[in-house]
Amino acid sequence: MSKIVSPEIVSPGRKPELVPPTDANIARAADLLRAGELVAFPTETVYGLGADATDDRAVASIFEAKGRPRFNPLIVHFPDMGAAEAVVRFDERAEKLAETLWPGALTLVLPRRTDSPLSLLVSAGLESVAVRVPNHPVARSLLKAVGRPIAAPSANRSGAVSPTTPLHVAESLGDRVGLILAAGRCPIGLESTVLDLTGADPVLLRPGGVTLEELEALLGTKVLTPEHQPPSADPDAPKSPGMLASHYAPGCPVRLGAHDAAADEALLSFGPDTFVRGGATRLNLSPQGDLFEAAANLFAMLRALDRPEHSAIAVMSIPEQGLGVAINDRLRRAAAPRGPATLPDQPPAP
Ligand code: TXA
Ligand code: MG
């Protein structure tokens with residue numbers, strides 16, 4: 001079976017190779033993964049940079065390709081809950097959430113089994129593993145074809161905006177990934193919710209595609225957020241290492257809570273914006289004020305507005321409820337001052 005891919009997204013002979021997710025290409029991607037190579041693939045949240053999670057060398061090459069600090073552990077993806085049970089221990093809470101919300105945009109941090117075949121690098125020295133069963137037909141077919149768990153962070157350089165299209169992956173990772181399974185835009189557009197279930201209380205490590213309200217309703221308890229947690233004694237080993245203040249950062253400064261925009265600023269609006277003045281370039285996350293639409297557009301629009309001619313990206317307020325919590329989380333990180341913990345979105349010096 002062969003499919004025609006529009007010429008502007010295929011550059012034959014040049015890495016990375018973008019291919020449509022045909023059965024033959026999924027089989028090829030699975031072969032590459034089993035041989036220890038990296039493959040980028042779509043999930044319902046964002047594109048992932050995958051490696052065989054049982055192969056130390058392959059997992060190490062993820063950290064290298066992303067320029068990711070080694071203390072930041074990776075999410076491991078499975079075709080179903082049964083496969084995840086071989087590497088982590090589920091308690092009743094985890095079972096309930098997995099049975100209800102998987103496949104889907106929820107990642108559970110659970111205690112690692114001592115006999116787990118996973119590379120120790122995926123957990124970055126922690127006794128836990130973050131596990132997820134994605135809900136994207138291409139991700140699911142790939143996981144079944146590989147027959148091994150796939151470690152996959154978002155397919156971008158560390159600290160940069162996550163990719164929601166195959167072109168974002170190619171722009172961000174260049175030739176650091178050989179093959180990209182290109183299946184268009186990711187329907188959710190924000191990363192999964194990360195929930196830590198290793199302690200007595202469930203702790204939200206990252207808001208994402210599944211809302212806090214949904215989790216609390218299913219668990220019947222409050223979910224703690226990192227603000228409830230005592231600060232980590234060792235700044236180099238945060239409990240939730242991905243929660244560095246500046247992350248998901250575009251190159252342009254980001255200004256939040258904007259009511260208008262200067263002539264040389266870009267405006268990112270939400271809901272009706274005809275009353276908002278200014279903006280050299282204007283994009284609207286969702287003219288109807290729909291948070292799902294806004295989430296799906298967020299990263300692509302931040303990238304589109306991230307141009308040297310803009311002095312800043314001015315962003316209108318987004319309601320802090322439902323998916324708006326995750327959207328605001330990413331926007332606050334995009335606006336946060338760039339600390340030393342953030343790596344530049346550039347290749348390391350040769
Ligand atoms: O939607 C998603 O989750 C995407 C797709 C590809 O599945 N993946 C993703 O991965 O966003 P990444 O690596 O960009 O983010 C993983 C987050 C980080 O914040 C990391 O610190 C946290 O999960 N994490 C992973 N393992 C952990 C662990 N054992 N304990 C605590 N946090 C963990
Ligand atoms: Mg990421």
Side-chain angles (χ1 to χ4, degrees), residues 38-51 53 59 62-63 65-78 87-88 102-112 116 118-136 138-140 142-143 149-164 168-169 172-173 181 186-199 202-210 226 229 232 237-245 247-249 295 299 326 329-330 333-334 341-343 345:
L38 300 182
V39 170
F41 64 97
T43 80
E44 76 278 29
T45 58
V46 299
Y47 273 77
L49 179 64
V59 175
I62 289 183
F63 287 91
K66 282 186 60 99
R68 181 175 176 117
R70 295 279 176 137
F71 61 70
N72 194 356
L74 304 174
I75 297 175
V76 184
H77 299 68
F78 299 86
V87 308
V88 286
W102 281 354
L106 175 68
T107 294
L108 297 175
V109 175
L110 297 172
R112 178 188 186 113
S116 144
L118 295 183
S119 161
L120 287 172
L121 288 175
V122 297
S123 316
L126 301 172
E127 309 261 295
S128 57
V129 184
V131 296
R132 164 162 125 82
V133 174
N135 185 19
H136 189 292
V138 175
R140 306 201 75 197
L142 181 65
L143 282 158
I150 300 180
S154 51
N156 52 277
R157 293 280 293 166
S158 184
V161 176
S162 289
T164 53
H168 295 162
V169 179
S172 197
L173 290 176
L181 288 174
C186 300
I188 295 181
L190 279 181
E191 300 88 342
S192 62
T193 302
V194 181
L195 186 72
D196 184 352
L197 289 178
T198 57
V203 180
L204 183 74
L205 298 182
R206 177 176 76 182
V210 168
Q229 301 284 296
S232 168
K239 166 83 177 161
S240 167
M243 303 297 277
L244 302 170
H247 208 71
Y248 310 102
F299 290 145
D329 170 79
R330 304 307 187 270
R333 286 170 208 286
T342 306
L343 296 183
D345 187 27

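Note that ligands are numbered from 1 as they come in the structure, with each ligand's atoms numbered from 1 the same way. By convention here, the first residue in the shown sequence is residue 1.
Contact check for Leu74 versus Phe63: side-chain heavy atoms found under the 4.5 Å cut-off. Using a 4.5 Å cut-off on side-chain heavy atoms (C-beta onward), Arg112 and Leu126 make no contact.
At a heavy-atom distance under 4.0 Å, only side-chain atoms of Leu205, from C-beta outward, approach ligand 1.
Considering Glu44, Lys66, Arg68, Glu127 only, the shortest heavy-atom separation from atom 13 (O) of ligand 1 involves Arg68.
At a cut-off of 2.8 Å, Ser154 is counted among the residues with an N, O or S atom near the Mg ion (ligand 2).
For ligand 1 and Leu126, the ligand atoms under 4.0 Å from any heavy atom of the residue are 28 (C), 29 (N), 30 (N).
Residues Arg330 and Ser162 have side chains that never bring a donor and an acceptor to within less than 3.5 angstrom of each other. Checked by atom type, the side-chain pair Thr45/Ser192 shows no donor-acceptor distance below 3.5 Å.
The two residues Ala53 and Val122 come nearest to each other via the heavy atoms O-CG1, 4.2 Å.
At a 4.0 Å cut-off, at least one heavy atom of Ala152 sits close enough to ligand 1 to count as contact. Under a 4.0 Å heavy-atom criterion, Ser128 is in contact with ligand 1.
The shortest N/O to N/O separation between His77 and ligand 1 falls below 3.5 Å.
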